[in-house]
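The chains referred to below are lettered A, B, ... by the order of the sequence lines, with proteins before strands, and numbering in each begins at 1.
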Amino acid sequence: MKDVRVRFAPSPTGNLHIGGARTALFNWLFARHNNGKLILRVDDTDLERSTGDSMKAILDGLKWLGIDWDEGPVYQSKRLELYKKYADELVRQGKAYYCFCTKEELDIMRSEAQKVGKPPMYTGKCRNLSPDEVKKYIDEGKKYVVRLKVPKEGKTVVHDIIRGDVEFDNSTFDDFIIMKSDNMPTYNFATVIDDYEMKISHIIRGEEHLSNTPKQILIYEALGFEKPEFAHVSMILAPDRSKLSKRHGATSVQKFRDLGYLPEAIINYITLLGWVPSDGEEVFTTEKSIREFTLDRVSKNPAIYDTKKLTWLNGIYIRDYNIDRLTKEVIPFLISKGLISDDYDYNYIRKIVSAVREREKTLSEIADAMSYYFVDDFSYDEKGVKKYFEKDGVENILREAVETLKKVDDFNLIETENVYRDLIERLNIKSGDLFHPTRLAISGRTFGPGLFDIIELLGKEKTIKRIEKAIKYIESIKQR
RNA sequence: GGCCCCGUGGUCAAGUGGUUAAGACAUCGCCCUUUCACGGCGGUAACAUGGGUUCGAAUCCCGUCGGGGUCACCA
């Protein structure tokens with residue numbers, strides 16, 4: 001294979017959604033697998049909709065995911081002379097022509113075509129304008145676009161690595177525009193010029209471009225350029241099978257980041273949407289996917305993304321993550337939830353993260369699960385109250401517990417558990433009769449880390465205070 | 001509507017003419033356990049449909065249906 005050069009070419013008109021991210025990812029995996037290069041190109045020929053903010057969001061998203069590129073970003077808006085040069089050349093060779101039709105005229109043509117039940121195609125009105133007429137119109141200052149002369153007959157076939165050969169009848173295309181009246185190239189034209197100039201070997205992009213591809217091939221042929229390989233990756237659909245959009249909740253990479261997902265988990269998950277390693281293992285590193293990634297293994301079906309599976313994967317990564325890295329990721333969530341301020345005790349937080357992470361699936365959930373370590377004033381879980389606090393004699397058991405704990409000097413996991421076990425034996429009760437109410441008293445919850453982990457983390461003073469507070473609470477509800 | 005792509009459980013997805021049609025998530029049950037998770041075990045659940053071809057079809061062909069894309073001076 002010749003030198004592999006692929007590109008990711010977003011148009012900066014929104015944020016990086018998971019479909020775009022996966023396209024970028026597949027390009028990246030393909031480049032890395034083949035020791036090739038990934039070029040980042042910015043398709044910003046739509047002046048109206050392109051924004052710098054969007055560009056920044058996309059770049060940030062890629063970086064955060066760990067998708068790096070070897071060249072670029074190259075901005076199409078800075079290469080306008082190039083497109084003009086090629087367009088002029090096509091006109092000179094008679095393969096393209098100026099069209100002076102206005103938008104209004106075109107609208108009329110379209111609606112008339114539809115009236116008689118024909119596809120709304122350009123009629124080719126300006127295709128055979130004489131040089132004199134062209135000159136006259138230009139001198140009059142008439143605006144014009146450049147259209148490609150599309151052959152009326154024959155077929156154009158797209159050789160697609162994922163889909164095989166796809167044939168299109170040339171008669172279904174009209175003389176489409178390659179240069180707009182504001183001197184900007186259209187997408188199809190600029191794409192071909194740039195992919196050629198940048199020596200792109202494989203064009204890997206979303207399936208929504210498949211119908212564009214024959215048009216681009218027509219341009220390649222008019223220009224006499226050698227064609228690259230094509231691979232159209234199926235789209236990622238929203239849960240209702242429609243195209244991804246804002247109304248579907250979390251669809252952008254940024255949004256998942258804010259929700260507390262880890263980049264590794266997202267990468268793993270979106271890789272899985274259309275590709276699996278040969279051994280079928282679904283949890284894998286990027287090293288492995290780079291090693292094994294080939295386009296012919298990419299699935300043809302569109303995929304509906306499933307947040308539940310992403311969340312499950314995220315949980316796996318959270319459990320595996322280096323504890324310091326995880327702690328650093330959790331801290332911003334703790335701050336934004338108002339649980340800690342800037343002068344936090346890192347080591348203490350790390351211990352708590354370590355204790356709670358086992359049972360949480362997102363960074364945000366970890367932060368929520370840590371709340372009672374920082375807040376004394378929490379309410380008790382309602383069901384827990386019914387089940388444990390309203391039971392006869394709990395307050396007495398807890399009183400005994402307080403007395404026992406007070407005597408512990410070395411207030412650690414092992415010592416506290418020992419005295420608790422002794423107490424259970426002495427009182428002749430079941431361990432649950434003591435453990436459950438204690439947990440509820442000191443955390444407000446019925447679930448969480450091991451009871452003695454919590455006790456040790458909380459420390460003697462807080463543990464005892466909270467149990468005493470719970471005793472008062474129990475007395476108050478029993479009086480009623 | 002024309003053209004194009006796609007169609008295996010709720011979701012992702014193995015499968016390339018002969019399989020008891022994998023696996024994962026989700027879901028349900030059981031086990032583990034001081035709780036919740038994790039983990040383990042087990043269950044429910046699929047080849048859109050109708051015709052061919054073939055000894056034999058999820059796999060090949062055609063029609064139908066369904067979903068999606070595209071037909072812009074958007075990309």
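- As judged by a 4.0 angstrom heavy-atom cut-off over every strand, A/Val276 is placed among residues touching the sugar-phosphate backbone only.
- Base pairing analysis places B/rU27 opposite B/rG43; the two distances defining the Watson-Crick or G-U wobble pair are each below 3.5 Å.
- A/Thr13 comes within contact range of no nucleotide atom at all, as no heavy-atom separation falls under 4.0 Å.
- Summary of the strand contacts: A/Thr446 and A/Ser234 both lie near RNA chain B, and taking for each the nucleotide with the nearest heavy atom, the more 5' one is attributed to A/Ser234.
- Side-chain contact check for A/Tyr97 versus A/Leu90: every heavy-atom pair is 4.5 Å or farther apart.
- Here A/Arg445 lies out of heavy-atom contact (under 4.0 Å) with every strand.
- Counting distance only, with no hydrogens placed and no angle test, the side-chain atoms of A/Arg49 and the base atoms of B/rC74 include a donor-acceptor pair under 3.5 Å.
- Candidate nucleotides B/rA26, B/rG69, B/rC12 were compared by shortest atom distance to the side chain of A/Lys308, and B/rA26 ranks first.
- A pairwise comparison of heavy atoms in A/Thr446 and A/Gly384 identifies CG2-CA, 3.6 Å as the closest pair.
- When both distances must be under 3.5 Å, the Watson-Crick or G-U wobble mate of B/rA14 does not exist.
- Across B/rC38, B/rC36, B/rA13, the shortest atom-to-atom separation from the side chain of A/Ala303 is found for B/rA13.
- Across all strands, A/Leu272 comes closer than 4.0 Å only to sugar-phosphate atoms, never to a base (heavy-atom distances).
- Remark: A/Arg359 pairs with A/Pro449 by the side chain to side chain contact (heavy atoms under 4.5 Å, CB included) rule, at least two apart or across chains.
- Nearest nucleotide to the A/Met235 side chain, out of B/rC36, B/rG69, B/rA75: B/rG69.
- Heavy atoms of A/Thr45 sit under 4.0 angstrom from primed sugar atoms or phosphate atoms, though from no base atom.
- For A/Asn170 against A/Pro151, the heavy-atom pair with the smallest separation is CB-O, 3.3 Å.
- Residue contacts for A/Pro239: at a heavy-atom cut-off of 4.0 Å it reaches no nucleic acid atom on any strand shown.
- Among the protein residues, A/Glu282 comes within range of the nucleic acid bases, having at least one heavy atom under 4.0 Å from a base atom.
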Report, as a single string ordered 5' to 3', how protein heavy atoms within less than 4.0 Å touch nucleotides 4-10 of chain B: B base, S sugar-phosphate only, - not at all. SBSSS--
Under 3.5 Å, which donor-acceptor pairs link side chains of residues 428-436 of chain A to any protein atom two or more places apart or in another chain?
residue, atom, partner, partner atom, Å
A/Asp433, OD1, A/Lys391, NZ, 3.1
A/Asp433, OD2, A/Lys430, N, 3.2

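- Rounded to whole angstrom, the span from the CD1 atom of A/Ile454 across to the C1' atom of B/rU34 amounts to 11 Å.
- Note on A/His232: nothing from the nucleic acid sits closer than 4.0 angstrom, heavy atoms only.
- Using a 4.0 Å heavy-atom cutoff across all strands shown, A/Gly448 reaches at least one base atom of the nucleic acid.
- A/Asn212 comes within 4.0 angstrom of a base, heavy atoms only.
- Base-pair partner of B/rU54: not found among the strands shown (Watson-Crick or G-U wobble, both distances under 3.5 Å).
- Of the possible donor and acceptor atoms, one in the side chain of A/Thr416 sits under 3.5 Å from a partner among the backbone N and O of A/Leu413.
- In this entry the distance linking CG of A/Asp240 with P of B/rU11 reads 13 Å, nearest Å.
- Using a 4.0 Å heavy-atom cutoff across all strands shown, A/Lys361 reaches sugar-phosphate atoms only and no base atom.
- Within 4.0 Å of A/Gly450, counting heavy atoms only, lies at least one base atom of the nucleic acid.
- Of all nucleotides present, only B/rG69 satisfies the Watson-Crick or G-U wobble test against B/rC3, with each distance under 3.5 Å.
- Considering only heavy atoms from C-beta on, A/Tyr388 stays 4.5 Å or farther from A/Ile474 through its side chain.
- Summarising the geometry, the separation between CZ on A/Arg439 and P on B/rU35 is reported as 9 Å, rounded to the nearest angstrom.
- When only modelled atom types and interatomic distance are considered, A/Glu264 and A/Tyr321 share a side-chain donor-acceptor pair under 3.5 Å.
- Judged by distance alone, the side chain of A/Asn27 and the main-chain N or O of A/Ile204 form a donor-acceptor pair under 3.5 Å.
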